[in-house]
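Note that this is a predicted model, so its numbers are computed, not measured. Lettering follows sequence order; numbering is per chain, from 1.
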Number of protein chains: 2
Amino acid sequence: MAQMDAKQAEKISKALSDPTRLKILSEIKKKNDWLYCVDLYDNINLAQPSICHHLKQLTETSIILPEKEGRNIKYTMNNDVIDEYIGFLQGLKKDCGL
Amino acid sequence: MAQMDAKQAEKISKALSDPTRLKILSEIKKKNDWLYCVDLYDNINLAQPSICHHLKQLTETSIILPEKEGRNIKYTMNNDVIDEYIGFLQGLKKDCGL
DNA sequence: TTTATGCATTGAAATATTTAAATGTTTTGT
DNA sequence: ACAAAACATTTAAATATTTCAATGCATAAA
């Protein structure tokens, strides 16, 4: 597994540091690991540009992956990035690496 | 292990979303899992109140634990919080919980 | 008891983030 | 081709964060 550096970890952390973005991730989880952008409008009480903005933060860090399907975009979780981020966090822990 | 909710995860993420705060954590790691506040002044090019502010963010989320020793404060990593946060992240992953 | 050291708090400026109205782009349906 | 649907971008306002000078407070040293 590739090693994530502090700069990347900072960006992932920032992407995860907003209630709307965590809500988006939990919606993806709830809908069995993928959803269309439009699915979020029902569950998130924000204007479309705001949701779009949050999706951008999550896709720019590759936490979720966009897949174009005609007019829609299908978003899925990217386990690899989560795992690399977890690896970074493990490395911070006390007594880790003795 | 206690389960972390989204609100807590948001706060942890926010605490981890700053280069200075990640630097503080890596300094703690480098110094064999603990250091005094004063140890940071050499390695971080910010004024004392700024470093104090960042330490506060990290202690308020319990990512690091402060221990008073006379005039000094000794900071150590809190593995429990990191582990709970990692648990939250694992729960977000695709195909997790089938 | 003064003086110095280590850390916290306050207040304010600079910067970044969040939000949405208006508008643009791409694709689908008629 | 035209209209509608799905998502993106621009712009700007509201809010939050970062930073530091000045100051405060508690502990230790002289």
Quiz item: Which value, rounded to the nearest 0.5 Å, describes the distance between Glu10(A) atom CD and Ile12(A) atom CD1?
Solution: 11.0 Å

Quiz item: In whole angstroms, how far is the P atom of dC7(D) from the CG atom of Leu35(A)?
Solution: 10 Å

Self-check item: Whole-Å distance separating the CG atom of Asp39(A) from the P atom of dA5(D)
Solution: 17 Å

Practice problem: Would you kindly give the CD-to-P distance between Glu10(A) and dT17(D), to the nearest whole Å? | Solution: 15 Å

Quiz item: So, Lys11(A) and Gln8(A): side-chain donor and acceptor under 3.5 Å apart, yes or no?
Solution: no

Self-check item: Spacing of Ile73(B) atom CD1 relative to dT9(C) atom C1', expressed in whole Å
Solution: 13 Å

Practice problem: Give the rounded distance in Å between these two atoms: CG of Asp18(B) and P of dA16(D). | Solution: 18 Å

Practice problem: Using the side-chain hydrogen bond (donor to acceptor under 3.5 Å, both in side chains) rule, pick out the option among His54(A), His53(A), Glu60(A) that qualifies with Gln57(A). | Solution: His53(A)

Quiz item: Please give, in whole Å, the distance from dT19(C) P to Leu40(A) CG?
Solution: 14 Å

Quiz item: Quick one: Leu46(B) CG to dA14(C) C1', roughly how many Å, whole number?
Solution: 14 Å

Quiz item: Could you give the distance from CD1 (Ile73(A)) to OH (Tyr36(A)), rounded to the nearest 0.5 Å?
Solution: 11.0 Å

Quiz item: Is Asp33(A) reaching over with its side chain to a backbone N or O of Asp95(B), donor-acceptor style, under 3.5 angstrom?
Solution: yes

Quiz item: Is the distance from OP1 or OP2 of dT27(C) to the nearest side-chain N or O of Lys68(A) less than 4.0 Å?
Solution: yes

Exercise. For Asn45(A) and for Glu69(A), find the nucleotide of DNA chain C with the closest heavy atom, then tell me which residue's nucleotide is more 5'.
Key: Asn45(A)

Quiz item: Are any of the side-chain heavy atoms of Ile24(A) and Leu55(A) separated by less than 4.5 Å?
Solution: yes

Quiz item: Out of dT19(C), dT28(C), dC7(C), which nucleotide sits closest to the side chain of Arg71(A)?
Solution: dT28(C)

Practice problem: Between Gly70(A) and Lys14(A), just flag the one whose closest nucleotide in DNA chain C comes earlier from the 5' side. | Solution: Lys14(A)

Exercise. Nearest whole angstrom, please: distance from the P of dG6(C) to the CD of Glu67(B).
Key: 19 Å

Quiz item: Hey, does Trp34(B) have a side-chain heavy atom less than 4.5 Å from the side chain of Glu67(B)?
Solution: no

Quiz item: Among residues 47-66 of chain A, which contact DNA chain C at a heavy-atom distance under 4.0 Å?
Solution: Ala47(A), Pro49(A), Ser50(A), His53(A), His54(A), Gln57(A)

Quiz item: Does Asn72(A) have a side-chain nitrogen or oxygen under 4.0 Å from the phosphate oxygens OP1 or OP2 of dA5(D)?
Solution: no

